[in-house]
Amino acid sequence: MYVLVRQAGGGDLVVEPRDEAGASLQPPRRLSLDEFRTFVAARESWALEGRPRWVWDDTGHTYPLLLSAGIRVERCHDLRLCHVILKNSALTQLSELALAAPDRWDAASAVTADQIELRATLFEFDVDDDHGGDDLADHAADGTGDSGATEPGPDSRAPESTSGREFRRQLDAVASAAEPGRLRLLLAAESAGALVAAEMRFAGLPWRTDVHNHLLTRELGPRALPGVRPDRLELLAQRIRLELDDDALNPDSPQELFKALQRAGLAVTSTRGWELKKLEHPVIEPLLQYKKLSRLLSANGWTWMESWVVNGRFHPDYVPGGVVTGRWATRGGGALQLPRQIRGAVVADDGWKLVVADAAQLEPRILAALAQDERMATAGRGTDLYAGIVASGVVETRDHAKVAMLGAMYGATTGESGRLLPRLARAYPRAIALTELAARAGERGEVVTTRLGRSSPVPGQGWHEVQAQAYDLAATATDERRARSQARDWGRFTRNFIVQGSAAEWALCWMAEIRRELAALPASGAGATSALRRADAGPGLAASAARPAAPGRARAPFDYAPHLVFFLHDEVIVHTLAAQAEVVAKIIVTAAETAGRLLFGDFPVDFMLTVATVDNYAQAK
DNA sequence: ACGATTCGCGCG
DNA sequence: AAAGCGCGCGAATCGT
C-alpha cells in the first residue's frame with residue numbers, strides 16, 4: 001500500500017491512500033500535523049509488510065518537517081529522485097515517463113537546490129504551499145474524516161494531483177522494464193537513502209568543539225583575529241620568506257609563490273604539493289607544512305566550527321543522488337571531506353560509542369560481481385582483496401595490486417598502473433573485459449548502466465559536435481586529436497560509472513538495511529533511561545550525554561536509540577549506547593551480506609567490513 | 001565591485 | 001598530464 005502525502009498550507013498535510021497499481025483507494029484527506037502524526041503512528045505499527053510506503057515529492061523538503069514533529073516513517077518513495085532515475089535509465093527508455101517532454105519533475109532538482117537555503121536556519125522549515133496549490137483547493141473541499149464522500153480512483157471528478165499522476169507514471173515505467181525487480185530495488189534504496197540523509201542531518205554527528213579547538217590550537221597556535229595568521233602559521237610564513245629571500249611574499253598566492261620558487265632556481269610547473277615534494281630545497285619542508293596548516297585553518301578552522309556545529313552536533317546537508325553515479329554529495333560544511341586531522345573531534349556522548357564500519361575494497365569487489373569474475377571474487381574471499389591478488393601470484397606487492405586495480409577501474413594507461421594492467425587482465429579477464437566494454441561504449445557516446453539500472457548521462461551536444469567535426473572531410477589533425485581525446489575522456493567516465501554507480505547502490509542497500517534493523521531493535525528502555533538519568537545527575541556529564549531537545553523540537557528517537565550519524569560512500573558511523581554497540585556491529589555486518597545478495601544474488605563474492613567500536617572517530621582505522 | 005573561473009587540496 | 005574516476009570548498013585570480 002502507498003499513501004501519497006502532500007504538504008498543505010498552515011502545516012497541514014494531505015494524505016491519499018493508493019493501491020499497488022497507484023490507483024486511489026480513498027479521496028484525499030487534509031490532516032493537521034497532529035492528526036497526521038496519529039495517522040502515521042497507526043500505520044507504522046502494522047507488520048512490516050503491511051506498512052505503507054509514503055509517497056511524496058521530495059524527502060528533503062517534507063521529511064525534516066516530520067522529524068522535527070517527532071514523526072518517523074519506515075519507508076518512502078521519493079518522486080523527485082525516482083523520476084531522475086527512470087527518466088535516464090536505459091531500462092525504461094520507452095516508457096511514457098522517459099518519452100515525455102521535460103516538465104517540472106525534470107526541473108525539480110535544480111529548483112530545490114536553489115530553494116533550500118538552510119545554512120543559517122537549521123531546523124526552521126517553512127511549509128511549502130506554492131506548488132500543488134490548485135489541487136489543494138479541490139481536496140480541501142473534501143474536508144477531513146469523511147472518507148468515501150468522493151468516488152475513488154483516477155475517474156474521480158477532482159483532477160488528480162501532479163504528484164499522483166507522476167506516481168502512476170513512475171509505476172508504469174517500472175512495470176514496463178525488462179527486469180522490474182532491479183529498478184524497484186533501486187528506487188526503494190534511493191528513497192531509503194533520502195530518509196537516512198534527512199535523519200542523519202536531523203540527528204547530527206556528535207562534535208566536541210572543545211576537542212576541535214584543542215586540536216586546532218595545538219596545530220596552529222591560539223586562535224587569531226580574522227585576517228591574522230595564527231602563530232605557527234605566521235612563523236612558517238616567515239621561514240618561507242627567508243628561504244626564498246622575499247620579504248613580501250604571500251605564500252597563499254600561487255602566482256607570487258610560483259615566481260619566488262622560480263627565482264630560487266626551482267624548476268616547478270606549478271605550486272602543487274605533490275610536485276614540491278619531489279624537490280630538494282630548504283624551503284620545501286616549511287612550505288609543505290604551511291600548506292597543510294593553512295588548509296586546515298581555512299577549511300575546518302574555527303570559522304567552520306562556528307558555522308556548522310550547533311549544540312554539539314555537526315549537521316551537514318547531504319544530497320542523495322547529488323552525483324550522476326548515484327553517490328551522495330553534500331552542500332556546505334564539506335561533510336564528505338572531513339580531514340583525518342580533526343576526526344578526533346567526533347566523539348561519542350558519555351556512555352555511548354561510535355560504531356565505525358567501512359567496506360574493504362568495495363569497488364573491486366563490486367567489479368568482480370558485476371563481471372561474474374569468480375577468480376577475482378575468490379581472491380577477496382575472507383581476506384583483503386589486494387592481499388588475495390598478491391597471494392594468487394598476480395603481482396608482487398599489495399601496493400601494486402591496489403594501483404593496478406584502481407588503474408583498471410579509472411582507465412589509467414601510463415605509469416606503473418598501466419604497466420601492471422596486462423598482468424591483471426591475464427589473471428582476471430572477465431573483470432577487465434567488462435571495464436573495457438564500458439569504456440568503449442562511452443567512447444562511442446553510448447550509455448552504460450549500473451547493476452540496478454541507473455544509466456550514465458548522454459554526452460552533451462558539444463561532445464557530439466566535436467566528434468562529428470573529426471569525421472568531416474575538412475577535419476584537421478587537431479580536430480581529430482581533440483575528438484579522440486574527448487572520446488577517451490568520456491570512456492574513462494563510463495568505465496568508472498558502472499563500478500562507482502553499482503558500489504553506490506550497494507552502499508544504499510547496506511544503509512537501508514542498517515537503518516531498518518536499528519529501528520527494529522527492541523526499545524533500549526531501562527538501560528537507556530537510566531543511562532540518561534545518571535548523566536543528567538552528574539555535573540560533568542550533563543552537557544553531552546543527555547541531550548535535551550532543542551527548544552521547539554520534539555524529542556526524537558535519535559536521542560536514545562542507536563542511529564546512523566555519518567555516511568561516506570563506503571563507510572558508516574552509528575552512534576549508540578555502549579551496551580548496544582555489539583548488536584549494532586552485528587547488524588552492520590549482516591546488512592553488508594544482505595546488500596550483496598540483493599544486488600548479486602548467489603554470486604559468491606564477499607563484502608568484507610572493517611568494524612571498530614570507538615569513543616572517537618580518529619580511533620577508527 | 002562583483003560574479004565566474006582557476007588553483008589547490010581535502011575525501012572516497 | 002601525477003595516473004586514471006567522482007565530488008565540495010576557500011582563496012586567489014580573471015573578466016566584465
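Predicted, not measured: the structure shown is a model, and the values here were computed from it. Chain letters run A, B, ... following the sequence lines, proteins first, then strands; residues in each count from 1.
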Side chain of [X] - closest among [options]:
X	options	result
A/Arg343	C/dC5, C/dA1, B/dC11	B/dC11
A/Arg295	C/dA3, B/dG12, B/dG10	B/dG10
A/Val323	C/dG6, B/dC11, C/dT13	C/dG6
A/Ser298	C/dC5, B/dG8, C/dG10	C/dG10
A/Glu571	C/dG6, B/dG12, C/dA1	B/dG12
A/Ser417	B/dG12, C/dG4, C/dT13	C/dG4

Specify the separation, in whole Å, of atom [atom1] of [X] and atom [atom2] of [N].
X	N	atom1	atom2	value
A/Glu363	B/dG12	CD	C1'	8 Å
A/Trp490	C/dC5	CH2	P	12 Å
A/Ile498	C/dG4	CD1	C1'	15 Å
A/Asp252	C/dT13	CG	C1'	13 Å
A/Leu568	B/dG12	CG	P	6 Å
A/Leu257	C/dT13	CG	P	10 Å
A/Lys402	C/dG4	NZ	P	18 Å
A/Leu297	B/dG10	CG	P	14 Å

Do the side-chain N or O atoms of [X] get closer than 4.0 angstrom to the phosphate oxygens (OP1, OP2) of [N]?
X	N	value
A/Gln255	C/dC14	yes
A/Arg272	C/dA2	yes
A/Thr271	B/dG8	yes
A/Lys291	B/dC9	yes

Verify whether one side chain among A/Thr449 and A/Ser455 offers a donor that lies under 3.5 Å from an acceptor in the other.
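Yes, a side-chain donor-acceptor pair sits under 3.5 Å.
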Verify whether one side chain among A/Ser253 and A/Asn250 offers a donor that lies under 3.5 Å from an acceptor in the other.
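The criterion, which ignores hydrogens and geometry beyond distance, is not satisfied for A/Asn250 and A/Ser253.
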Provide the distance between the two C1' atoms, one in C/dG4 and one in B/dG3, to the nearest whole Å.
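Comparing C1' positions in C/dG4 and B/dG3 gives a spacing of 33 Å.
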How far, in whole Å, is B/dT6 from C/dA3 if one measures between their P atoms?
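Between the two P atoms, the distance is 23 Å.
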Hey, does [X] reach any base, or is it just sugar-phosphate, or nothing, if we go heavy atoms under 4.0 Å?
X	answer
A/Ala329	sugar-phosphate
A/Arg340	sugar-phosphate
A/Arg488	nothing
A/Gly418	nothing
A/Thr413	nothing
A/Leu362	nothing

Is the number of heavy atoms from other residues, nucleotides or ligands under 6.0 Å of [X] [atom1] greater than 12?
X	atom1	result
A/Asp489	CG	yes
A/Asp210	CG	yes
A/Lys402	NZ	no
A/His464	NE2	yes

A/Arg492 (side chain) and C/dC5 (base): donor-acceptor pair under 3.5 Å:
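Side chain to base: no pair present.
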May I ask you to verify whether the side chain of A/Arg327 and the base of B/dG12 hold a donor-acceptor pair under 3.5 Å?
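Yes, a donor-acceptor pair under 3.5 Å.
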Nucleotide opposite C/dG4 in a Watson-Crick or G-U pair, distances under 3.5 Å
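Its partner is none (no Watson-Crick or G-U wobble pair with both distances under 3.5 Å).
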If you assign A/Leu336 and A/Asn250 each to the DNA chain C nucleotide with the nearest heavy atom, which residue ends up on the more 5' nucleotide?
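Its nucleotide being nearer the 5' end, the pick is A/Leu336.
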May I ask you to check whether A/His212 and A/Trp207 place their ring centres under 6.0 Å from each other?
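Close enough - the centres of the two rings lie under 6.0 Å apart.
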With the stacking rule set at 5.5 Å and 30°, tell me whether A/Tyr410 counts as stacking on C/dA3.
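By the stated criterion, A/Tyr410 and C/dA3 do not stack.
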